[in-house]
Amino acid sequence: MKDVTLVLENGTAFKGKSFGYEKGVSGEVVFNTAMSGYPESLTDPSYAGQLMTLTYPLVGNYGVPPFTMEENGLATFMESDRIYASAIIVADYSEQFSHWNAAESLSDWLKREQVPGVTGIDTRELTKVLREHGVMMGRLVFSEDPENSENSESYGSINWVERVSCKDVIRYNEGAGRKVVLVDCGVKHNIIRCLINRGVEVIRVPWNYDYTGMDFDGLFLANGPGDPDRCVDAVEVLRKQMSLSRKPICGICMGNQLLAKAGGATIYKLKYGHRSHNQPVREVGTMHCYVTSQNHGYAVDASTLGADWRELFVNLNDGSNEGICHLTNPWFSSQFHPEACSGPTDTEFMFDRFIKAL
């Protein structure tokens, strides 16, 4: 294991050992407090451009499942077709793994996909730094190749959605009946699976695609990485659709933020985001509380919503917005991930509400 140093933009440095692919990378350093789910998180396109720190101290002990694809084109055990996180940072990497479904070690997978992995870092201390100062840019510097770790562009200056979205229209479950257009901002495969399991045809389109002239019954806005303010084209097409039709609209994560922007709201960056399996949210107007899986660094300023909109869910930890809905039209969204994977599935009813509205 080669020596590698994580250097934050404020100068703080953490020394560790490499267990993945050996190359210097840079990106926004974020932390995730989940106890499991690293295969799903690493392949979540919402982590594009980020160095993912896991606070749970033991990582790699259950290996990695086989990277197989189903007949419908979805990954069986992953959330996309490859690793999207720029690197993974852990406290203690388990070289020995044991699990009935494991096909290889986390280390071998990272090396095969050319993604760095760092172990031996005090991730609890690193998390404390990020909580106090906020998430920041960082870079991995290998002692033998310090020149191969230049600082990159600021995370917020890049349209990450454009980088991870599909480039062509893709159809799933063709001929199933009702049709749902899914705007791919970096969609997780389990979102698509949750839709086709409910008997609809899914038409996956690029993030800036003009779908307003297509034949469909409902619109679904997917999750994705980066700053939603960079997705001007997506918001313009969405506003056009909302002006033409009352067809149902549902959004998840980035989809919540794009729907809110189309409804007149503004977006702000959270100090250190929500990335975990245990974020508590309450449905507004009820005493119903749910434990949710989340992965986002931006949030909707609910006070800026238009008069025809209201909050649907709120976060019980910090009071931030967790979903919105229109007062009269069947348009609603959640900031959390009802499809989970990984995480609790307490809120999968959001898909049922959408299908019922079609």
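For the numbers below, each heavy atom of this structure counts, side chains included, while hydrogens, waters and symmetry mates do not.
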Derivation and outcome, ring pair (Phe, Tyr, Trp, His ring centres under 6.0 Å), residues F336 and Y290: CA-CA 10 Å; F336 52 85; Y290 306 96; 7.5 Å; no
Output every pair passing ring-ring contact (aromatic ring centres under 6.0 Å, His included) with a member in residues 211-235, not counting sequence neighbours, ordered by first then second residue. F220-F351, F220-F354
Do side-chain atoms of K271 reach the backbone of E132 as a donor and acceptor pair under 3.5 angstrom? yes
Between CD1 on residue I191 and CG on residue L182, distance to nearest 0.5 Å: 7.0 Å
Please answer whether the main-chain N or O of Y272 pairs with a side-chain N or O of R275 as donor and acceptor at a distance below 3.5 Å. yes
Quick check: does any side chain N or O of S107 sit under 3.5 Å from a backbone N or O of F19, one acting as donor and the other as acceptor? yes
T127 side chain to T123 main-chain N or O, any donor-acceptor pair under 3.5 Å? yes
Polar side chain donor-acceptor pair, D108 to S105, under 3.5 angstrom: yes
Going hydrophobic residue to hydrophobic residue with side-chain gaps under 4.5 angstrom, can you get from F332 over to V235? no
Measure the shortest side-chain to side-chain distance between W331 and W309 over non-hydrogen atoms and say whether it is less than 4.5 angstrom. yes
ILVMFWY cluster, L42 and V4 together (side-chain gap under 4.5 Å): yes
For the ring pair Y38 and Y62, is the centre-to-centre distance below 6.0 Å? yes
Do S80 and P45 have side chains that approach each other closer than 4.5 Å (heavy atoms only, starting at C-beta)? yes
Are E348 and R353 within salt-bridge range, i.e. N to O under 4.0 Å? no
Measure the spacing between CG of L8 and CG of L130 and express it to the nearest 0.5 Å. 6.5 Å
Answer whether the closest heavy-atom distance between the side chains of W160 and E28 falls below 4.5 Å. no
When hydrophobic residues are tied together by side-chain contacts of less than 4.5 Å, even through go-betweens, does I355 share a cluster with I192? yes
Any donor-acceptor pair under 3.5 Å from N173 side chain to V200 backbone: yes
Step by step, would you call V169 with Y209 a side-chain contact (heavy atoms from CB on, under 4.5 Å)? CA-CA 9 Å; V169 176; Y209 190 87; 3.8 Å; yes
If you measure from the Lys or Arg side-chain nitrogens to the Asp or Glu carboxylate oxygens, is any gap between K188 and E339 under 4.0 Å? yes
Validation row: I267, V300 side chains within 4.5 angstrom (heavy atoms): yes
Is M78 linked to I252 within one hydrophobic cluster, defined over Ile, Leu, Val, Met, Phe, Trp and Tyr using a side-chain heavy-atom separation of less than 4.5 Å? no
For the residue pair S41 and N32, what are the closest heavy atoms and their distance? OG-ND2, 3.9 Å
Check step by step if side-chain contact (heavy atoms from CB on, under 4.5 Å) holds for R230 and S157. CA-CA 8 Å; R230 297 280 169 188; S157 68; 4.2 Å; yes
Min side-chain heavy-atom separation I324-Q335 under 4.5 Å: no
For the residue pair I196 and N72, establish whether any side-chain heavy-atom pair is separated by less than 4.5 Å. yes
Can you classify the ring geometry of F349 versus F313 as parallel (below 30°), tilted (30 to 60°) or perpendicular (above 60°)? tilted
Do R82 and Y84 form a cation-pi contact, if we require the NZ or CZ to be under 6.0 Å from the six-membered ring centre and within 45 degrees of the ring's axis? yes
What's the shortest heavy-atom distance between S334 and M350, and which atoms? CB-CE, 4.0 Å
If you count every heavy atom of other residues, nucleotides or ligands that lies below 6.0 Å from M1 atom CE, does the total exceed 12? yes
Salt-bridge present (R112, E104; N to O < 4.0 Å): yes
Apply the side-chain hydrogen bond (donor to acceptor under 3.5 Å, both in side chains) test between Q294 and each candidate in H337, E322, H277; give the one that qualifies. E322
One pair to check against side chain to side chain donor-acceptor pair (under 3.5 Å): N256 and N321. What are the steps and the verdict? CA-CA 10 Å; N256 175 62; N321 175 260; 3.3 Å; yes
Atom CG of N295 and atom CD of E40: how far apart are they, to the nearest 0.5 Å? 12.5 Å
Using a 3.5 Å distance criterion without hydrogens, assess whether the side chain of T304 forms a donor-acceptor pair with backbone atoms of T266. yes
Any cation-pi pair here, K269 with Y298, using under 6.0 Å and within 45°? yes
Look only at the side chain of S165 and the backbone of V161, and say whether a donor-acceptor pair between them is shorter than 3.5 Å. no
Within a reach of under 6.0 Å around CD of E125, are more than 12 heavy atoms found that belong to other residues, nucleotides or ligands? yes
Going by distance alone, is a donor N or O of one side chain under 3.5 Å from an acceptor N or O of the other, for N190 and E79? no
Is it true that K111 and E22 make a salt bridge, defined as a side-chain N closer than 4.0 Å to a carboxylate O? no
When rounded to the nearest 0.5 angstrom, what is the spacing between CG in L270 and NE2 in H274? 5.0 Å
For S46 and P225, work out which heavy atoms get closest and say how close. O-CB, 3.5 Å
Looking at K17 and D3, does any basic side-chain N land under 4.0 Å from a carboxylate oxygen? yes
Do N61 and H99 have a side chain donor and acceptor closer than 3.5 Å? no
Of all heavy-atom pairs between V25 and S86, which one has the smallest distance, and what is that distance? CG2-O, 3.9 Å
I88 and side chain to side chain contact (heavy atoms under 4.5 Å, CB included): which single residue from T119, L110, V118 fits? L110
Would the distance check show the side chain of D44 and the main-chain N or O of Y47 forming a donor-acceptor pair, the cut-off being under 3.5 Å? no
Taking R124 for its side chain and T55 for its backbone only, find out whether a donor-acceptor pair lies under 3.5 Å. yes
Could you pull out the closest heavy-atom pair between S342 and G37, with the gap in Å? OG-CA, 3.4 Å
Are side-chain heavy atoms of V284 and R310 found at a separation under 4.5 Å? yes
CD of E70: more than 12 outside heavy atoms within 6.0 angstrom? yes
Minimum side-chain heavy-atom gap M214-I203 below 4.5 Å: yes
Could you see if V30 belongs to whatever hydrophobic cluster contains I83? Use Ile, Leu, Val, Met, Phe, Trp, Tyr and a side-chain cutoff under 4.5 Å. yes
Is it true that H326 and T328 share a donor-acceptor pair across their side chains at a distance under 3.5 Å? yes
Inter-residue atom distance D168.CG - R204.CZ, 0.5 Å rounding: 10.5 Å
Look up atom CG in L238 and atom CG in L219, then write down how far apart they are to the nearest 0.5 Å. 6.5 Å
Looking at Y155 and G226, would you say the former's side chain and the latter's main chain have a donor-acceptor pair under 3.5 Å? yes
I need the minimum non-hydrogen distance between L358 and G218, along with the two atoms involved. CD2-CA, 3.6 Å
So does D217 pair up with K179, basic N to acidic O under 4.0 Å? no
